[in-house]
*Asks:* 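This structure is in structure tokens; I'll ask about it shortly.
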Amino acid sequence: MKNIKDQEAAFQARIDAGEKIEPKDWMPEKYRKTHIRQISQHAHSEIVGMLPEGNWITRTPTLRRKVGLLAKVQDEAGHGLYLYSAAETLGISRDELFHQLHTGKAKYSSIFNYPTMTWADIGAIGWLVDGAAIINQVMLTRTSFGPYARAMVRICKEESFHQRQGYEIMLTLCQGTPEQKAMAQDALNRWWWPSLMMFGPRDEESPNTEQSVKWKIKRKTNDELRQQFIDITVPQAEVLGITIPDPDLKWNEERQHYDFGEINWDEFWQVVEGNGPCNKERLQARNDAWNNGAWVRNAARAHAEKRAEQKKVAEAI
Amino acid sequence: MKGNPIWEVFIRSKNGLEHRHVGSLHAEDAKMAMENARDVYTRRQEGVSIWVVESKHITASNPSESGEMFDPAKDKAYRHPTFYDLPDELEHI
């Protein structure tokens with residue numbers, strides 16, 4: 001029997017060699033726990049993420065927009081399910097995962113604690129929030145844990161329409177009346193900074209980053225991903241003809257990147273700790289959905305039992 | 001016929017890839033099915049992991065009902081990225 005230090009060294013060697021880890025492989029307990037936490041947070045984010053967008057399904061300006069938004073929200077539900085099942089391969093039950101979400105023990109992406117106040121917010125979410133999520137998720141398709149990486153491949157493939165859907169909404173508004181363009185600008189003003197916060201705290205404030213990079217859970221740091229997002233997104237705002245609300249934003253020829261202003265980290269931590277504009281509302285909505293859906297779960301079980309009984313009777317005859 | 005049931009065999013060719021169905025075999029129990037699967041399907045290092053599932057536990061969709069099963073996805077072009085019109089100069093979307 002090898003001792004734990006040798007096992008950990010062998011595990012690290014496998015990761016260094018680019019091997020993927022599968023559920024039944026030996027893994028350090030911390031690797032397992034970190035993955036349960038990260039994959040479930042990701043799953044919860046997909047599920048809670050349906051709420052701000054669901055808010056506008058009944059009020060879309062056209063039928064074309066309605067079917068697009070419905071399909072997007074439906075995809076988020078599917079993505080949540082892929083991720084919950086990936087988390088379950090690590091030995092945690094779906095019930096426990098839901099329990100953690102409903103009691104507020106588990107976190108989800110803070111971006112969903114902001115309200116969707118106008119139709120333009122749906123455009124801004126698709127463009128910016130999904131844009132930021134895609135950057136993170138493309139990285140995660142190469143993560144070291146097999147089931148997570150495979151779920152990410154599927155999700156990224158489906159996600160590409162989400163961002164285009166959002167950008168098209170923004171483009172239509174920006175080519176519309178001055179009021180419509182102002183609405184798009186207002187949405188950008190409110191969603192820009194929270195979108196940058198999606199990548200998490202600065203590297204020096206992110207104690208888990210080093211271990212996560214070593215285990216190839218993350219392949220880039222928060223700050224690298226944030227920079228990548230900004231560099232990609234600034235020209236997209238120029239195409240729209242609206243202004244990113246950051247007076248310090250400017251191209252740095254030497255770095256070949258955009259410099260940008262200071263993020264309000266106090267706001268970031270406030271929202272993480274539960275004091276964002278919609279934290280309570282989101283948690284309540286998920287609890288209500290679960291509790292009010294109990295009869296559906298019970299009915300499904302009763303139906304299955306009845307069908308099994310009928311089958312037994314039919315076989316006995 | 002009682003006994004010697006059919007088992008479906010799934011092989012993961014290497015870590016990181018999903019198990020894929022490769023075929024089936026007969027065996028009296030799960031342990032023998034696993035041993036047979038190794039001998040029948042991985043003689044040339046085709047895999048690093050095997051799943052065996054007794055065939056009767058698989059519920060398959062009915063080919064004669066494929067229409068009503070899969071047609072609903074046919075007319076939903078808006079689930080695809082190409083449905084959305086964006087300017088050519090736009091990059092990274």
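Order of the sequence lines fixes the chain letters, A, B, ..., with proteins taken first and strands second; residue numbering starts at 1 for each chain.
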*Asks:* At a 4.5 Å cut-off on heavy atoms, which part of A/R142 comes close to chain B: side chain, backbone, both, or neither?
*Replies:*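 Nothing of A/R142, per the 4.5 Å heavy-atom cut-off to chain B.
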*Asks:* What part of A/L70 is in contact with chain B, defined as an atom under 4.5 angstrom from a non-hydrogen atom: side chain, backbone, both or neither?
*Replies:*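 A/L70 has no heavy atom closer than 4.5 Å to chain B.
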*Asks:* Side-chain polar contacts of residues 75-85 of chain B - donor-acceptor pairs under 3.5 angstrom, sequence neighbours left out - could you list them?
*Replies:*
| unit_1 | atom_1 | unit_2 | atom_2 | d |
| --- | --- | --- | --- | --- |
| B/K76 | NZ | B/P72 | O | 2.5 |
| B/R79 | NH2 | A/Q74 | OE1 | 3.0 |
| B/Y84 | OH | B/Y78 | O | 2.9 |

*Asks:* With no hydrogens and no angle check, do the side chains of B/E8 and B/H21 hold a donor and an acceptor under 3.5 Å apart?
*Replies:*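 B/H21 and B/E8 do have a side-chain donor-acceptor pair below 3.5 Å.
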*Asks:* Look at the aromatic rings of A/W215 and A/Y31 and report parallel, tilted or perpendicular, splitting at 30° and 60°.
*Replies:*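 Perpendicular, since the angle between the ring planes exceeds 60°.
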*Asks:* Heavy-atom distances under 4.5 Å only: say whether A/V67 touches chain B with side chain, backbone, both or neither.
*Replies:*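 Its backbone and side chain both get close to chain B.
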*Asks:* Pick whichever of A/Q163, A/R150, A/K20 has the most heavy-atom pairs under 4.5 Å with chain B.
*Replies:*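 That would be A/R150.
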*Asks:* Identify the heavy atoms of A/L83 and A/A151 that sit nearest to each other, and give their distance.
*Replies:*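 Heavy atoms only, the tightest pair is CD2-CB, 4.4 Å.
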*Asks:* Between A/K72, A/E158, A/R64, who has the most heavy-atom pairs with chain B when the cutoff is under 4.5 Å?
*Replies:*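 Of the candidates given, the most pairs with chain B belong to A/R64.
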*Asks:* A/W192 vs A/F229 aromatic rings, parallel, tilted or perpendicular, using cut-offs 30° and 60°?
*Replies:*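 Aromatic pair A/W192/A/F229 classed parallel.
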*Asks:* Is chain B contacted by the side chain of A/D75, its backbone, both, or neither, given a heavy-atom distance below 4.5 Å?
*Replies:*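 A/D75 has no heavy atom closer than 4.5 Å to chain B.
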